[in-house]
Amino acid sequence: MTAPGLTTEVLVYENNYFSTNDYTLVATVTNINTNVVVRLDGSIDGVRYGPLISNTITQNGTFAYNIGDCPMKYIRGNFFAETGGTDAVVRLSFSAR
């Protein structure tokens, strides 16, 4: 992603099974100017999302963030904000268990 925005939402719930509740967000940042804010958003209805993970990154690199015991039906990555310029490139990936 070259500008703040959202990834496609992913359904992490199966009928007749428990919802997933452990999540990892991996953010790779290149060409950073000052900082970027990355989030992993969760939803129980696929409409209203809130942040499960929110972190400010101040240097280039790959960073992993985890959260547990938060059952959700949907998750999505969020390149939430960028300050100090518009050169950053952010790659978000996530997993659920």
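What you are looking at is a predicted structure, and each value in this text was computed from that prediction instead of being measured.
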If only side-chain N and O atoms count, and only distance matters, is there a donor-acceptor pair under 3.5 Å linking Thr58 with Asn35?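 Distance-only check fails for Asn35 and Thr58.
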Pairing donors with acceptors under 3.5 angstrom, does anything connect the side chains of Asn60 and Thr30?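 Per modelled atom types, Asn60 and Thr30 side chains form no pair under 3.5 Å.
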Quick one: closest heavy-atom pair of [X] and [Y], and the distance?
X: Val36; Y: Ala88; answer: CG1-CB, 3.7 Å
X: Cys70; Y: Leu52; answer: CB-CD2, 4.3 Å
X: Leu92; Y: Phe79; answer: CD1-N, 3.7 Å
X: Arg76; Y: Glu9; answer: CB-CA, 3.9 Å
X: Ile44; Y: Lys73; answer: O-CD, 3.1 Å
X: Val29; Y: Gln59; answer: CB-O, 4.4 Å

Would you sort out whether Val90 and Val38 count as a side-chain contact (heavy atoms from CB on, under 4.5 Å), showing the intermediate values? CA-CA 9 Å; Val90 176; Val38 296; 4.0 Å; yes
Non-neighbouring partners of Asp45 that pass salt bridge (Lys or Arg N to Asp or Glu O under 4.0 Å), sequence neighbours left out: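 For Asp45 the salt bridge (Lys or Arg N to Asp or Glu O under 4.0 Å) partners, ignoring immediate neighbours, are Arg48.
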Check salt bridge (Lys or Arg N to Asp or Glu O under 4.0 Å) between Asp87 and all other residues, then give those that pass, not counting sequence neighbours.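 Per chain and number, Asp87 pairs via salt bridge (Lys or Arg N to Asp or Glu O under 4.0 Å) with no residue.
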Rounded to the nearest 0.5 Å, what separates atom [atom1] in [X] from atom [atom2] in [Y]?
X: Asn55; Y: Leu25; atom1: CG; atom2: CG; result: 8.0 Å
X: Thr24; Y: Asp22; atom1: OG1; atom2: CG; result: 8.0 Å
X: Leu11; Y: Tyr74; atom1: CG; atom2: OH; result: 5.0 Å
X: Asn33; Y: Thr86; atom1: CG; atom2: OG1; result: 7.0 Å
X: Asp69; Y: Asn21; atom1: CG; atom2: CG; result: 5.5 Å

Same cluster or not: [X] versus [Y], using hydrophobic residues (I, L, V, M, F, W, Y) connected whenever any side-chain heavy atoms lie under 4.5 Å apart?
X: Met1; Y: Ile57; result: yes
X: Phe63; Y: Val26; result: no
X: Ile67; Y: Phe80; result: no

Would you say the side chain of [Y] lies within less than 4.5 Å of the side chain of [X], judging by non-hydrogen atoms?
X: Ile75; Y: Asp41; value: no
X: Thr34; Y: Ile32; value: no
X: Val37; Y: Ser54; value: yes
X: Tyr13; Y: Met72; value: no

Before you tell me yes or no, could you show the steps for Asn78 and Tyr49 under side-chain contact (heavy atoms from CB on, under 4.5 Å), namely the whole-Å CA-CA distance, both residues' side-chain angles and the distance that decides it to 0.1 Å? CA-CA 11 Å; Asn78 187 344; Tyr49 283 82; over 6 Å; no
Taking the six-membered ring of Tyr23, is NZ or CZ of Arg97 closer than 6.0 Å to its centre and within 45° of its axis?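 The answer is no, since Arg97 fails at least one limit relative to Tyr23.
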Whether Glu82 side chain and Pro4 backbone form a donor-acceptor pair below 3.5 Å: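 Checking the backbone N and O of Pro4 against the side chain of Glu82, no donor-acceptor pair under 3.5 Å is found.
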